[in-house]
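Quick note on labels: first sequence line is chain A, next is B, and so on, each numbered from 1. Because the structure is a prediction, the values reported are computed rather than measured.
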Number of protein chains: 2
Amino acid sequence: MAPLPGWKVGLVSARTADSARDIPEATVARLPVYLRALTTLVDNGTATCSSEELAAAAGVNSAKLRKDLSYLGSYGTRGVGYDVDYLRYQIAREIGVTQDWPVVIVGIGNLGHALANFSGFRSRGFRVVALLDADPDRRGERVAGIDVRDFADLEPIVREHGVAIGVIATPASAAQDVADQMVEAGIRSILNFAPIVISVPDGVDVRKVDLSIELQILAYHEQRKQSEATA
Amino acid sequence: MAPLPGWKVGLVSARTADSARDIPEATVARLPVYLRALTTLVDNGTATCSSEELAAAAGVNSAKLRKDLSYLGSYGTRGVGYDVDYLRYQIAREIGVTQDWPVVIVGIGNLGHALANFSGFRSRGFRVVALLDADPDRRGERVAGIDVRDFADLEPIVREHGVAIGVIATPASAAQDVADQMVEAGIRSILNFAPIVISVPDGVDVRKVDLSIELQILAYHEQRKQSEATA
DNA sequence: AGGACTTTGTGAACGGGAGAACAAACTGAG
DNA sequence: CTCAGTTTGTTCTCCCGTTCACAAAGTCCT
């Protein structure tokens, strides 16, 4: 993930971080998708690709892809396409996954287990530095090679490792309290898997993943399909 | 979840299913959130609530909430607010969670385990009728009280239970094949947890949940916050 | 009954994102 | 060097979703 020799370093330094302002939120949400598609292409040994190919791999329109990439800068070559490895690095840098992000996971139930073992985090620069649970029975348990520790240890852990991102995988009843303490400890970005809306002060980002909501959206469309079929 | 006596059944029958056409996608995605907020209010013994209260519980603007609900019909009372139990039923019916949705989960790794044990599915009308895995070593294993069966059994299971929704929790390498076979077996709605874009024929809905993408979006904003702080 | 007050439902203005379409820029052959 | 072919970057238009603001419609108190 380090810049390779031969890359257009001049261009990189010409585009300093401050010129990367105001990338639309919709684009930011798609950049990780492009990143994954590019990684797949690299693994296949592909050196160059057109916006059409990359768009197909990412499941989007090629015009949209080009517009998204244009917010980052001009990293393609007209008449040729994009250098896969170079573009991948640029997107990774823009998102911030070239650096190491220490993460804590709170709530080591079924979901917490799955998250702790999820290899997709590690491979994208996210390092789980601690697993916390309020239940004393879980202490000492070892999950994914990490000891489960007391939730009360949150603050020193955050301070020691410089943790900026916290993951909530607790039941809904505990989520708000966990979020409050995370904020208190200095965490400013939270990924919430608990099925409840948590409120946080300004300046703290929360993203929510709700498994049952996705299924319900599918159910709605399925119901429509079925009622249309019978009509 | 059954209609209670005393509810405005007249209105319900006046608004037949076909009048519920073209609800905006953004609204559909929020209805499950409202449903959950209303369920919480019911559990607290709240009988009536204003759009302001419900919007706060759901984490949205009250004007947006009212407009969303207006797509379903006029279920509120001006000057008073909404009957919590009544509105909850109307939303549940609109989404389709008043009926029973049989679901199969394919891929019983860490995430499959967590999904199989996730109580939020069951409580919203989703019933896991089968767990499937291609790995013979997993056969006979019992997860959440359900035997893990051979992936080759997919088609008869779908036919027998009338399964319309499938969940993919396999590694990325297997996901496209699993999706193909699901479509072949008659499934028309797929929830995909594998980190890859799968392609399906027209008429099949796919929703994607990618845990690492959410973290990457947080990382982007966190990076911005940190670079602003040092500037 | 009447008037003050509350809250819904919706029309209208506004902003942002999606997609089409094209000019600019590069390659490569002759 | 020139010209045909290719692909990017960007402009323009359209559409969807959000938000404001207010009329309509109900409640409650006197």
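Distance from the side chain of A:S70 is smallest to D:dT10 among C:dT8, C:dT27, D:dT10. The nucleotide whose nearest atom lies closest to any side-chain atom of A:K64 is, among D:dT18, C:dG19, C:dC26, C:dG19. Considering only the side chain of A:R30, C:dA18 comes nearest among D:dA21, C:dA18, D:dA23.
The interatomic distance linking A:L69 (CG) with D:dT7 (C1') rounds to 13 Å, in whole Å. In this structure, the CZ atom of B:R66 is 15 Å from the P atom of C:dT6, given to the nearest Å. With rounding to whole Å, A:L65 atom CG is found 13 Å from C:dA18 atom C1'. In this structure, the CD atom of A:Q90 is 12 Å from the P atom of D:dG9, given to the nearest Å. A straight line from OH of B:Y71 to C1' of C:dT8 spans 15 Å, rounded to a whole angstrom. Remark: P of D:dC15 and CG of B:D22 are 16 Å apart, rounded to the nearest angstrom. Atom pair B:D68:CG and C:dT8:P shows a separation of 14 Å (rounding to whole Å applied).
Within a 6.0 Å sphere centred on CD of B:E184, other residues, nucleotides and ligands contribute 12 heavy atoms or fewer. A 6.0 Å sphere centred on CD of B:E52 holds no more than 12 heavy atoms belonging to other residues, nucleotides or ligands.
A donor-acceptor contact under 3.5 angstrom links the side-chain atoms of A:K67 to the base of C:dG19. No N or O donor and acceptor, one from the side chain of B:R78 and one from the base of C:dT7, sit under 3.5 Å apart.
Side-chain N/O atoms of B:Y82 include one lying less than 4.0 angstrom from OP1 or OP2 on C:dG9. Residue B:N61 places none of its side-chain N or O atoms closer than 4.0 Å to OP1 or OP2 of D:dG17.
Side chain of A:Q216 to main chain of A:S212: a donor-acceptor pair is present (N/O by atom type, distance under 3.5 Å, no hydrogens or angles). Under the 3.5 Å distance criterion, the side-chain polar atoms of B:T46 are left unmatched by any main-chain donor or acceptor of B:V42.
Less than 4.0 Å separates DNA chain D from no heavy atom of any residue of residues 47-58 of chain B.
In summary, the side chains of B:H221 and B:Q226 do not present any donor paired with an acceptor at a separation below 3.5 Å, with no hydrogens or angles considered.
Salt bridge annotation for A:R88-A:D83: absent, with no cationic side-chain nitrogen under 4.0 angstrom from a carboxylate oxygen.
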